[in-house]
Structure formats: C-alpha cells, structure tokens
Number of protein chains: 2
Amino acid sequence: MGYTVSEVAEMSGISAHTLRYYDKQGLLPFVDRNKVGNRDFKDSDFEWLGVITCLKKSGMPVKKIRQYIEWSMEGDATLNERLEVFENHKKVVIEKIAEMQNYLDKIDYKIWFYQTAIESGTAAIHAQNNCVFTEGMDLSTVPNLHFPEQQ
Amino acid sequence: MGYTVSEVAEMSGISAHTLRYYDKQGLLPFVDRNKVGNRDFKDSDFEWLGVITCLKKSGMPVKKIRQYIEWSMEGDATLNERLEVFENHKKVVIEKIAEMQNYLDKIDYKIWFYQTAIESGTAAIHAQNNCVFTEGMDLSTVPNLHFPEQQ
DNA sequence: ATACGGCTTAGACTATACTCTAAGTCAACA
DNA sequence: TGTTGACTTAGAGTATAGTCTAAGCCGTAT
C-alpha cells in the first residue's frame, strides 16, 4: 500500500530509470517489495531519497553513498562511521564552495573586462592589465604574463 | 623557445595527456608549433589555461568552453558573445554555491544527529524529529515522514 | 479470453572527460 | 651510426552516472 516506482519518480523528481539504477547499485536496500515483486516505497523512504540526493548533488560518488547506506542498515553499531562520513563530506563541500567563490571572482573580473572592452569597442584597452587566472600554477619561470586577448 | 607540453604540465598541474586532449577538443588553438611540429607554449598561454581551468572547474562543459575559445579567436567582433558567456556562467555558479550552502546545512544537521545519537548510544533518541531532507519533492500526499534511521 | 498498461530484469547504449597505448618522428648524445 | 628520450597522432580503454531497450510477468478492463 505504498508508492510505485513511477509515483516516487513523479514526487521526488528522480526518474524511475534512475531509481532502479540506484537500487541496483545498492542505494535503496530499504525499499520493500509487494507479493508480485514490485517495489513498494514507504513514506520514510522519501527521507532516504532526500539524504541520497543531498550527498549525490553535493558531489559524493554513488559508491561512497552505498557504503554509507550499508552502514545505516547495520544500526547503532555504525554511528561513528556515519558521523565520519558527514564530517569528511562537510569539509569537501566547504572546500568546494570556497573554490566556487574564487572562480566567481574571476568570472566577475572577466565580465568587467568584456563590459569595458565593449564600451571602447576593443579588448586592446586592457593591454596593461595583470593576470588573474594563473593562480595555483608554478609560473616562477614565466617572466611576463599577459592576457590572451591582447595577442 | 617556449615551453613543451610536459613543462606546461608540470607548471600548470594539468597533465600532458589532458593538455593534448584539450588541444584535440579545440580548446588550445592559440598554442604554436615549432618546425618539428611539437607544441610550443608561450607565456601568455598560461593565462588561457587559467581561464579554461576556471570555466572547467566551475562546471562548464568542454564543448561550451570551445565555443568561447572560438569566439575569442575571432577578435573584437565577438566581445558581446563572450560577455554573455560569462554573465550566464556567473548565474550558474551563483546557483551552484547556493545549492551547496543548502546541502551544507543538511550535512550539519546530520552531524548533529549522529553526534547526539552517539552520546546517547542509539539513533532512536531522534524518533520525534521532523524531516529535513525532502525539500523540493512533492510530498503533498505523504502523511507522515520520519527519519530513515528510526526504521 | 485477451489485450493493455505498468511493473520486473539484464544488459546494451550514451555522454562526458579523461587516460593510456601503439606506432612513428626527430634531435642529441655516445 | 645507433640508441635514447621526448615529442607526435589516432584511436582504444576507463570511470562515472545514468538512460534506454527487450523480453517477460501480472492484474484488470473489455
């Protein structure tokens, strides 16, 4: 008396194909089956799908999520392992956000670059600008970097 | 008298394999060749690599980056197109950061969840908690959601 | 009775982005 | 004059995450 795979697909926004794929990958061991063998999702399964979606969309690979789900199925004995999963993943997500913020700054620079270039009609007005996109590279042997557009 | 592909790999952190792959995908049309036919990177090419890395790591697919590079090669006639590329991509990145922030909040909830469960020795202490992971799903027909761990 | 629709599975296919291999070229050193 | 080592290419292989197809099962409506 639960939900079929297509009902869950409709409600969750995860396609029925993907739900079956997740199941095959071991992400949905908690989903019941009815007497015919069809998946029979319970209300509480939506919360699991929410957790899986959170981990998935924040960059955790399916394999790692499966490991977390397996631990969850083992009950209170794996509480520490599961805490560690989220603590580690938190660091990853924080790092990702910081990285994105950094890229956002560079994108803003480029927007300014093109806006001012469009105003003056040419990118040549930026001939004297310093570089902002080589961060993280070891360019100690590069004497003079210029913006590509100036070539 | 520039840099070889492996020198650039060393300095940029992008593998030589990947640099050749990017070239094959049309991302590096500005890279010169010497008389033998070997790639001969210039100082200014590092700035291009920085832009490509920025777009790539912030989620832009290779195909879109190639389009941007093609426009860049066409000079001032495509300044508007290139501005639009960055303006659109900025929206995408901002949305991505907001999404990550949202997931971070949920991850923090889970960390609290497991920390308090560990303290008390069982996840059963959270039997009364409301759901936080089903955001975005149409659960209007679901009467009562519970945390999966309670099952 | 039989046809329809939705479910099941295994497994093939796609997309994206690398990553590597094989065969060949070339400059330099012994 | 080899031989080495770094370069080249086309194209094969890998990893990840779906996405789809084909064949078959089952309950219900006609």
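Side chains included, hydrogens not; waters and symmetry mates left out as well; all remaining heavy atoms used. Residue numbers begin at 1 in each chain, while the letters A, B, ... track the order of the sequences.
The aromatic rings of B/Phe86 and B/Tyr68 sit perpendicular, their planes meeting at an angle over 60°, well past the 30° parallel limit. The aromatic rings of A/Phe113 and A/His126 lie parallel to each other, their planes meeting at an angle below 30°, with 60° marking the opposite boundary.
For the helix from C/dA1-D/dT30 to C/dA30-D/dT1, the angle separating the two terminal helix axes comes to 30°, with each axis derived from five pairs and the value rounded to 10°.
B/Arg20 and B/Asp23 are not joined by a salt bridge, as no carboxylate oxygen comes within less than 4.0 angstrom of a charged side-chain nitrogen.
Atom NZ of B/Lys64 and atom C1' of C/dA15 are 16 Å apart (whole Å). Atom P of nucleotide C/dC18 and atom CD1 of B/Ile52 are separated by 11 Å, given to the nearest angstrom. Separating the CG atom of B/Leu55 from the P atom of C/dA17 is a distance of 12 Å, rounded to the nearest angstrom. The interatomic distance linking A/Tyr3 (OH) with C/dG6 (C1') rounds to 19 Å, in whole Å. The interatomic distance linking B/Tyr21 (OH) with D/dA10 (C1') rounds to 15 Å, in whole Å. Following rounding to the nearest Å, A/Lys63 (NZ) and D/dT14 (C1') show an atom-to-atom distance of 11 Å. Rounded to whole Å, atom C1' of D/dT19 lies 6 Å from atom NE2 of A/His17. Across the protein-nucleic acid pair, A/Tyr22 atom OH and D/dA17 atom P stand 8 Å apart, rounded to whole Å.
Note on B/Leu83: it clusters hydrophobically with A/Trp112, by side-chain heavy-atom contacts below 4.5 Å among ILVMFWY residues. Under the 4.5 Å side-chain heavy-atom criterion for Ile, Leu, Val, Met, Phe, Trp and Tyr, A/Leu55 and A/Ile94 are members of the same hydrophobic cluster.
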(request) Take B/Phe46 and B/Tyr3, measure what ring-ring contact (aromatic ring centres under 6.0 Å, His included) needs, and give me the verdict at the end. (result) CA-CA 10 Å; B/Phe46 286 95; B/Tyr3 308 90; 5.3 Å; yes
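The side chain of A/Val62 approaches D/dA17 more closely than any other nucleotide in the set D/dA17, D/dA6, C/dC18.
Backbone-only contact: A/Thr4 has heavy atoms under 4.0 Å from sugar-phosphate atoms and none from a base.
Contact between the side-chain N/O atoms of A/Thr18 and the OP1/OP2 oxygens of D/dT19 is found at a separation under 4.0 Å. An OP1 or OP2 oxygen of C/dT8 is reached within less than 4.0 angstrom by a side-chain nitrogen or oxygen of A/Arg20. Between D/dG18 and A/Lys56, a contact under 4.0 Å exists linking OP1 or OP2 to a side-chain N or O.
Separation of atoms NZ (B/Lys56) and CD1 (B/Ile52) is listed at 11.0 Å; rounding is to 0.5 Å. In this structure, CE in B/Met60 is found 7.5 Å from CD1 in A/Ile107, a value given to the nearest 0.5 Å. The structure places CH2 of A/Trp71 at 10.5 Å from CG of A/Asn80, a figure rounded to the nearest 0.5 Å.
Heavy-atom distances under 4.0 Å link DNA chain D to A/Val36 of residues 23-39 of chain A, given in residue order.
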